[in-house]
Amino acid sequence: MTVRTRFAPSPTGYLHIGGVRTALFNWLLAKQSGGQFILRIDDTDAQRNQEEALAPILDGFRWLGIDWDEGPEVGGPHEPYFQSQRLSNYQDAAAKLLDAGLAYRDYATTEEMTAEREAAEKAKTDFVYSRKWMAETDEQAAAFEAEGRSFVVRLKMHREGKCEFNDLVVGDVSVDWSTEADHAIQRADGTCLYHLANVVDDAEFEITHVIRGIEHLSNTPRQIFIAQGLGYTLPKYAHLPYVAEPGSKKKLSKRKIAEYLNNKDFKRLYQSGAAIAERIGLETDPATFSPVLVDFYKQIGFNPDAVNNYLLLLGWSLDDKTEMFSREEMLEHFSLDRVVKSAASFDPKKLQAFQERYMDAVPLKQKSRLCKKYLEQAKVTDDPMECDHLAMMKSIIEAAGDRLSMAGDILNFDDFFIEDDQLSYDAKAWQKRMVKPEQAGFLVGELYKVLSVHPEFAATELETAIKGFCETQGIKIGDIIHALRVAVTGKAAGFGMFDTLEILGRDRVLNRMALALDRLSDEQKSDSAV
RNA sequence: GGCCCCUUCGUCUAGUGGUUAGGACACCGGCCUUUCACGCCGGUAACACGGGUUCGAGUCCCGUAGGGGUCACCA
């Protein structure tokens, strides 16, 4: 039997990290055995959906390498894959259930229904609909219609016995049919609701395994009821625990970003991402740009495999030590029976740790390609980047090593690209390294003389030269290097000083040293004037 | 509230009756070092609680507590 799984997003505009994990598990189960993964668009609730809201979701999946065998854009033998275009299928199914006496026309108004529900709640009992406005014959229907009522179609659920099924993650599940309400499957306007559409599509698409969030576990009995009523063979079910908020066990929700921002680690991730996004001109409103949404990672230069690997381990494990999984290894080892039963909190730090490991393994060429885009979009360089900038960027990437944990981090090294006289100095660093040490100005001045006549402007030679300089001055290397770094980069920290000098080149180094010295003496003059 | 589910270091997890309860991220300390990182070495840290069953319980049973999910003419 070919395994066929599906993921069914509503076009809401954003791809949620928890949803991606569900999709990934579906994808893995299908692909590991040569099956198919299908993307179906749940847009039956026409009002709340817009067409353009689908694009970001599809882009997100493509970025992650979660490809679909059937669905939007690729089509397939069961077209269409949009629920909004499959209405007649659902209506046929509703009619069939009506004919079979497994559903009925219900003429209750919303108010009447709510009143019954509230009465049950007050009495602290299960809500069981009285079926007072149920019409099973045309005569009954006509009578209600004479009163000006309209109907919805409801499931005529069993009121005794149990619904029993096996869930591949949760285990055996048993639910009293009596606790299942008579759910509506068709609206007064003839359009159909989720449960019906879902079951009909799963059957028509020949889905063999329904893998979804555990919030759907309680929906399963009524869906089984529909499927059985329609004579379908039941798929296997697997309900995944949800992905929880950072630092809590509540379900992760994209609407509660403000709250998550109180979490230190979440906030830090958001801020580092937002800093990059701002520079490349993206909207950084946490409502649409946050670590809960995959687009966030895509925009700031995460490695999609790092995201997949992290998500794989959020609620699943192979053994007591394996953490790194290539695409092939995921496919080889994934199994539903090793899915954990409890909710797993989203941990921004661990995700970042995965990103660092993955980035470390990315070859220089590919890193260059990724970083280039950020410098261009932030207008740090021309777009497209000139050749000499490109060469410099490559040197920077090499020298930066793992200080580049995501591609967007290249913007931290923008000081190499800007004009010497445009360099800004970190106020604290300037104070601590240039102003405060009495010798700093003098030493930078002396070093200027040495460097201006130094023959070979390459890292190793510079190291020898500067160490020699320290000896003749009778100082430790730290006495000059910190001041030099601030003078030349404006920053307190960065990668190796000698690499920095080599990349900048003699002219720019000397120029920046001179500029810094001017600035220093200007400050001192105005100080003494006061 | 009804129904259902879950509970091992701060976090993700390993563990299927006998383990010094293992790993990873984070954290702390040290080494390395021109800064910041990396790396290396070391460390702190967990079986929610109470009863059983058993020679023996993180592992099985019952209860309690806590956490969570779900109860639409949403999906």
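Quantities reported herein were computed from a predicted structural model and do not represent experimental measurements. In what follows, chains carry the letters A, B, and so on, assigned in the order in which the sequence lines appear, proteins first and then strands, with residues in each chain numbered from 1.
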Using the [atom1] atom as the reference point in each nucleotide, state the distance between [N] and [M] in Å, no decimals.
N: B:A46; M: B:C27; atom1: C1'; answer: 15 Å
N: B:C41; M: B:C55; atom1: C1'; answer: 43 Å
N: B:C9; M: B:A14; atom1: P; answer: 12 Å
N: B:C25; M: B:G67; atom1: P; answer: 31 Å
N: B:A45; M: B:G29; atom1: C1'; answer: 15 Å
N: B:G51; M: B:A57; atom1: P; answer: 13 Å
N: B:C47; M: B:C38; atom1: P; answer: 31 Å
N: B:C49; M: B:G10; atom1: P; answer: 13 Å

Just checking, is any N or O donor in the side chain of [X] or [Y] under 3.5 Å from an acceptor N or O on the other one?
X: A:N89; Y: A:E204; value: yes
X: A:T179; Y: A:D176; value: no
X: A:Y107; Y: A:E145; value: yes
X: A:Y260; Y: A:E245; value: yes
X: A:H158; Y: A:S178; value: no
X: A:Q439; Y: A:D479; value: no

Output every pair passing salt bridge (Lys or Arg N to Asp or Glu O under 4.0 Å) with a member in residues 9-19 of chain A, not counting sequence neighbours, ordered by first then second residue.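 Residue pairs with at least one partner in residues 9-19 of chain A: there are none.
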Filter on salt bridge (Lys or Arg N to Asp or Glu O under 4.0 Å), then keep only pairs touching residues 484-497 of chain A, sequence neighbours left out; what's left?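 Pairs touching residues 484-497 of chain A that pass the test: A:D414-A:K491, A:D415-A:K491.
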Can you tell me how far [atom2] of [N] sits from [atom1] of [X], to the nearest Å?
X: A:Q355; N: B:C38; atom1: CD; atom2: P; result: 15 Å
X: A:M359; N: B:A37; atom1: CE; atom2: C1'; result: 14 Å
X: A:K267; N: B:A26; atom1: NZ; atom2: C1'; result: 19 Å
X: A:D319; N: B:U16; atom1: CG; atom2: P; result: 13 Å
X: A:E116; N: B:G2; atom1: CD; atom2: P; result: 21 Å
X: A:K341; N: B:U13; atom1: NZ; atom2: C1'; result: 15 Å
X: A:D320; N: B:C9; atom1: CG; atom2: C1'; result: 16 Å
X: A:L318; N: B:A24; atom1: CG; atom2: P; result: 16 Å

Counting any heavy atom closer than 4.0 Å, what does [X] reach on the DNA or RNA strands: base, sugar-phosphate only, or nothing?
X: A:H239; value: nothing
X: A:R222; value: nothing
X: A:K251; value: sugar-phosphate
X: A:D402; value: base
X: A:D479; value: nothing
X: A:R212; value: nothing
X: A:A344; value: sugar-phosphate

Residue whose nearest RNA chain B nucleotide is more 5′ - A:V340 or A:H216: A:V340
Would you mind telling me which residue lines up with the more 5' stretch of RNA chain B, A:A400 or A:D189, judged by nearest nucleotide? A:A400
At under 4.0 Å, does any side-chain N or O of A:S345 touch on OP1 or OP2 of B:U11? no
Does OP1 or OP2 of B:A72 have a side-chain N or O of A:R187 closer than 4.0 Å?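 Indeed not, no polar side-chain atom of A:R187 lies that close.
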Which label fits A:H454 and A:F457: parallel for a plane angle under 30°, tilted from 30 to 60°, or perpendicular past 60°? perpendicular
For B:C38, measure the glycosidic angle (O4'-C1'-N9-C4 for a purine, O4'-C1'-N1-C2 for a pyrimidine) and name it syn if it falls within 90° of 0, otherwise anti.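 Base orientation relative to the sugar is syn.
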Any donor-acceptor pair under 3.5 Å joining the side chain of A:K350 to the base of B:A24? yes
Can you pull every protein N or O that's under 3.5 Å from an N or O on nucleotides 27-36 of chain B?
| residue | atom | partner | partner atom | Å |
| --- | --- | --- | --- | --- |
| B:U34 | O2 | A:R485 | NH2 | 3.2 |
| B:U34 | N3 | A:M497 | N | 3.4 |
| B:U35 | O2' | A:A492 | O | 3.4 |
| B:U35 | O2 | A:G494 | N | 2.9 |
| B:U35 | O2 | A:G494 | O | 3.1 |
| B:U35 | N3 | A:R485 | NH2 | 3.0 |
| B:U35 | N3 | A:G494 | O | 2.6 |
| B:U35 | O4 | A:G496 | N | 3.4 |
| B:C36 | O2 | A:R403 | NH1 | 2.7 |
| B:C36 | O2 | A:G494 | O | 3.4 |
| B:C36 | N3 | A:R403 | NH1 | 2.2 |

